[in-house]
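Read the structure below first, then the notes.
Chain A is the first sequence line, chain B the second, and so forth, proteins listed ahead of strands; every chain is numbered from 1.
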Amino acid sequence: MNAELSERELISALATGDVAPEGLAAALAFASPEAPAERGAGSAPVLAPPPRGNSDLLEVAMGPHHPSTHGVFRMDVTLDGERVVRLKPVFGYLHRNHEKIAEQTSYLGSMPYTDRLDYFCSLTNNWAYALAVERLAGLAVPERAEYIRVITAELTRLLNHSCLIGFLTHDMGTMGTPLMYAFREREKILDLFEALTGSRMMCNYMRFGGCRAELPPGWLEQTRSLVDEFPRFLDEFENLLSTNEILLARTQGVGVLTRELAVNAGVTGPMTRASGVNYDIRKVDNYGIYGRFPFRVPLGEHGDVYDRYMVRALEMRESIGILHQALRDIPAGPVIDPKAKLRGFRPKPGEAYGRIEAPKGELGFYLISDGSPNPYRYRVRPPSLINLTILEDMCLGHTVADVVVILGAVDIVLGEVDR
Amino acid sequence: MESLEQIKSWAEAAVPGAGLAIVPNPSPANQPSLLIDPAHAPAVARFLRDDPRLRFDYASNVTGVDWLDTAVKEKVRVKHVLDGVEKEIEETHERKVPGFLEAVYHLYSMALRRGPLVLRQRTGNRLDRVRVASLTPVWRSAEFQEREIYDLYGIVFDGHPDLRRILMWDEFQDHPMRKDYVEPDDYEYEPTPHDEVLAKARRHYPVEAGAA
Amino acid sequence: MNPPPGLGIVKGLVETARNFVGSFHDPARLTTVQYPDERLPAKENARNFPFLVYDGPDSEKGLRCVACKICEKECPPQCIYIILERDANGKPQKHPRVFDLDISVCMSCQICVEVCPFDAIKMDTDYELSRSDRFGGLLLTKAELAKPNDYYRRIHPTEAQEVDARLEEERARAQAKAKPPAAAAKPAAPAQPAPA
Amino acid sequence: MSQPLEQLLVRLKDWLVLQCPPAAQGLVAALIPAAAIVAVFASLFALTTLLERKGLGRLQNRLGPNRVGPFGVLQPLADGLKMLIKEDIVPRDADRLVHLLAPVAMVVPVLLAYAVLPFGQRLVAVNFDAGILFFFAAGATTELAVFMAGWSSRNKYSLLGAMRAIAQMISYEVPLILSAMTAVMAAGSLSLVDIVGSQAGYHWGWLPRWHAFTPWGFAGLLLFTIAATAESNRTPFDIPEGESEIIAGHLVEYSGFKYALFFLGEYLGMFAVSGLGITLFLGGWHAPVPALEWVPSVAWFFAKLFGFIFLFIWLRGTLPRLRTDQLMNFAWKFMVPMVLVNLMVTAVWHFTRSWHFSGAGLWRWLVGALLLAGPYLWLGRALAGGRRFGPRSYHYAS
């Protein structure tokens, strides 16, 4: 009887307007599962409904087959009406134990597997792995290879940030229009990668001590023309999105992340800079030759989804600045250290941790070598997985639509989360 | 950045009774690490994070490592007096050194932009005494990474708020990343042409698997 | 004083309108390539799946591969399978009897091309490889893999030139070395001497 | 204005009615317009699905469907056929009867609403004297159909979608009707034919007397269009079937022909509401320029209808989606006050009709525009400013 009573109270409460319509959903959701069981007595035997925990909450599993989870990823969300009360992310659908495979393959053999980690930015994955092995074995990298690494990494950053903004606005409901503009620009960059490395997304281009192949003729001119045109596309994106009132309403104040929690939770990349933490590994570690290119690091104050969007947009403009300088003064010379051995590479026993500023955050490789051609322990520090640690903290209290937008702004790729 | 010895001395001063040892790292990356005993790990960790001189407020990477039982412990400087000369001889005195599981923490300081400080926690052995102190209460970034180590290596983290398997499904029994892990044999037939893969596949499909 | 409300939306609409109008006259704003009719020219460095190069007319004898199994060891997913050819009394020959490559496992990472000392295996650019049979169909045998050197020269012109120049120069050096000891004119050059 | 071309359709109908026996003439006279409406608007629905996909494609630098028939013209046929032969899955726990009735309850009332729309000169199915009242009464049942679908599917997502749809449609019914009232007040009659009649003729020989060219009319048209977009669940307000959040809202458990029926209902709703907008503010079937008077009036109605359809597609290709609570705030804190202000401006416009000094028209226009611009800016800023929305400036690390 109490189901009807609470229902009548709620409906009257709704009429007086002090309970938002969502409250009605919770009540009706409470009443609905029992109802079919009795009414369905006549038809086929109905399985007893699953035992209901706290009865007026709605457990919804968003994923793994969900249009906006950026891959095979599930969130067990408990809703009070439309408000999120509890959110437990579930991973592992794409887990292929990349690290165990790496322990049974040679150092060189793992390089193509790193393309499959964050399959959006394969060249930065390669660079992080090559940097870690170079630190492990103490290899030197010639000048021209360092320039090529900076150029390809910054091109990957442009590609990743523009596509991320496209996916984020797609989650918000634009029918993929910004996404298609971002993909139009991405195609040009992928053509450059295909001309240089042979494959659009699975580049496998860096080697320990440099890069695999020399720049094909005309590649630098194509890159220069692309980099000159890119600001026009950024302005187009800026006009389309940055002052759009609906986008402002949907993102400002949503999924706020405080500075202290960002640092303590190990959040890195544009997400932590949007919360005002000034930590860009290109400036902190000065790896490669980033010290030679003066560039600025945009910081946000509010740490909400809008700041993450704007920080990525501004970072793209900085990357263009770096690309201009790198393309201007790239020297001639070998692309790989002549002494670098391709096969039978056996670093001395020891361990090393190398990290770079990947578009998604700090991508690190921790290698322990015992002198054999296979690494003893090969560990990937995945920025996507660690940025997800505080997904629940950001989503509590928001609605289902916000959860999707917040997840979109975290920028995860499941290849890297699950490894 | 201060040398590791200095940090060790500060830490021992701050946390009395903390058994700290320095583990050398011969590779050119010269990142030696600091071994802590799990009992005092949270206290040392909190000191490293809050001390104004150090302020390691960012645990970048938490890794699990599996060191197998080694019949020979080359680093063990066991002194044998053999006809008057102190020499370390393996063949005569083979001792089974029990392996252990290890959780390695790479700490950085975002405030003072300091390089990696590597902390190591070791378990008793690889079978039953596999408990280690969880540093998630100190650094929230260790939460998922410690769950992954629990899932793939089997190190139990005391004090972890939500220790569950993160990558494998919950009913999975074994710990796949251990060196002595044997793959289950419910193997879907994939005709990779290689011998041991083919042989294994043939055991499942004796009739149908023709010669490559 | 931030702008009047609704201006951001209008600016966005103007932007998409420019793209809508642009798609009729500006080729940059219409990026569709209608695949079976129009095809994008393959990039010169493009790589898809490996193939074996053979010089001269006969694909059996002209095969450059000497079955040294370096690529089989170095291949990360282990998708190459080589059985050495042995003649009647078991003396190993300088060819593979079986050279299987499982393209369902191969991830086209071209490490085999890098490590092959004899330039015997190169990356193809043909991507229309759909087969009806999931198991046997994707296991390419030596016969299906072997392709002539001028096919290689056609898909990767500059790379092929360098390789041919290097092989030519190696062959010349080998013949020069073989001629002084006036041994039987079987040059010890690893590659088959058939003129390219 | 009895050009021969103009009255072709009307004379055709009269000729057909005369053909059949007198007893059935009354029935046939009613059936012909009904059959015409269903045929024309169902094929317009098919055409619009193609236009939508090609328009979205062009907005996104791609072609859109062009493989089925020349330029993809047969694509709607293919979609329709696909929908027909797809399996119609009904969830076991569903309430079968309500699950079956929901799409029917969606389509039939919307078709009723077409009875009162004047498509051309003397081309209206039923000339009600309270036409607009009938239109809103018939159009209001779509909420019921949406909730029937959501409730009967017994699925969490569909329930959330149904709840959102109810909240949205109730909130936007009010501004829709009130913004339509401005045209009724100006024309002084509830009958759509009279409203279109009051918009005949031209100011100074070239500016048509459409309501849209008056300040309150222009504001009314904007508010009406916004409310119409929300009524027909189109993009800035397509929250009930927010794909990226709760998949297809109340349509989650529908497949096959019932799913197609729902879309038919949604598109017909869109055409009906934009048809009403044309009738109230854009002079129904009147020609915009005196020189083009010879073109049959039906063509003008459908030209303006295609203008509205393109606007909806354009909005769909550009704007992100609002959240449910923002939708509510926007409806109750911006739309309803603005519509009330607009009613007041219509009254001011009506009572200043007697100003005849030179430049009176311009002065009346200015007064009306100012009376509207003030609240617009203040309300807009209050809605946005209240939560400190707005572009931000970013500093760089030292």
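- Contacts of B:Asn25 with chain A are made by side-chain atoms alone, with heavy-atom separations under 4.5 Å and no backbone atom involved.
- Both the backbone and the side chain of A:Asn264 come within contact range of chain B, judged by heavy atoms closer than 4.5 Å.
- For A:Phe91 and B:Phe144, the distance between ring centers is under 6.0 angstrom.
- Both the backbone and the side chain of B:Met110 come within less than 4.5 Å of a heavy atom in chain A.
- Less than 6.0 angstrom separates the ring centroid of B:His106 from the ring centroid of A:Tyr353.
- Contact count versus chain A (heavy atoms, under 4.5 Å) is highest, among B:Met168, B:Arg164, B:Glu148, for B:Glu148.
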(request) Kindly indicate, with the supporting measurements, whether the criterion side chain to side chain donor-acceptor pair (under 3.5 Å) is fulfilled by A:Asp370 and A:Ser372. (result) CA-CA 6 Å; A:Asp370 58 356; A:Ser372 72; 2.9 Å; yes

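- Rounded to the nearest 0.5 Å, atoms CG (A:Asp411) and CG (A:Leu407) are 10.0 Å apart.
- Ranked by non-hydrogen atom pairs under 4.5 Å with chain B, the options A:Lys88, A:Arg419, A:His95 are led by A:His95.
- Annotation: maximal heavy-atom pairing with chain B below 4.5 Å, among A:Lys283, A:Glu103, A:Lys348, occurs at A:Glu103.
- Ring to ring, A:Phe345 and A:Phe208 are close: their centroids are under 6.0 angstrom apart.
- Taking the side chain to side chain donor-acceptor pair (under 3.5 Å) definition, one finds that B:Asp128 meets it with B:Asn125, sequence neighbours left out.
- Heavy atoms closer than 4.5 Å to chain A are found in the backbone of B:Arg178, but not in its side chain.
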(message) Apply ring-ring contact (aromatic ring centres under 6.0 Å, His included) to residues A:Phe365 and A:Tyr378 and explain how you reach the verdict.
(response) CA-CA 7 Å; A:Phe365 279 81; A:Tyr378 167 103; 5.7 Å; yes

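- Residues A:Arg355 and A:Asp285 meet the side-chain proximity criterion, which asks for heavy atoms closer than 4.5 Å.
- Heavy-atom distances place the backbone of A:Ala137, and not its side chain, under 4.5 Å from chain B.
- B:Arg165 does not touch chain A: none of its heavy atoms, backbone or side chain, sits under 4.5 Å away.
- Across A:Arg377, A:Arg135, A:Glu260, the residue that shares the most heavy-atom pairs under 4.5 angstrom with chain B is A:Arg377.
- In this structure, chain B has a heavy atom under 4.5 Å from the side chain of A:Asp393, while its backbone stays farther away.
- Residue contact with chain B, scored on non-hydrogen atoms closer than 4.5 Å, involves the side chain of A:Glu362 exclusively.
- Neither the backbone nor the side chain of A:Glu134 comes within less than 4.5 Å of any heavy atom in chain B.
- The candidate with the highest count of non-hydrogen atom pairs below 4.5 Å against chain B, out of A:Leu94, A:Thr268, A:Val90, A:Val263, is A:Val263.
- Only the side chain of B:Asp162 comes within less than 4.5 Å of a heavy atom of chain A; its backbone N, CA, C and O stay farther away.
- With a threshold of 4.5 angstrom between heavy atoms, B:Val104 approaches chain A through side-chain atoms but not through N, CA, C or O.
- Side chains of A:Arg74 and A:Tyr93: a donor on one and an acceptor on the other come within 3.5 Å.
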(message) Using ring-ring contact (aromatic ring centres under 6.0 Å, His included), reason through B:Trp67 and A:Tyr376 one step at a time and then give a plain yes or no.
(response) CA-CA 9 Å; B:Trp67 300 95; A:Tyr376 183 80; 4.9 Å; yes

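- Only the side chain of A:Pro89 comes within contact range of chain B, judged by heavy atoms closer than 4.5 Å.
- Looking at A:Tyr113 and A:Thr105, their side chains never bring a donor and an acceptor atom within 3.5 Å of each other.
- Contact annotation for B:Val118: only side-chain heavy atoms (C-beta onward) come within less than 4.5 Å of a heavy atom of chain A.
- Comparing A:Thr272, A:Ile386, A:Asn387, A:Val277 by how many heavy-atom pairs each has under 4.5 Å with chain B, the most go to A:Ile386.
- Taking B:Tyr153, B:Tyr181, B:Trp169 one by one and counting their heavy-atom pairs under 4.5 Å with chain A, the maximum is reached by B:Tyr153.
- Looking only at distances, no side-chain donor or acceptor of B:Glu102 sits under 3.5 Å from a matching main-chain atom of B:Gln121.
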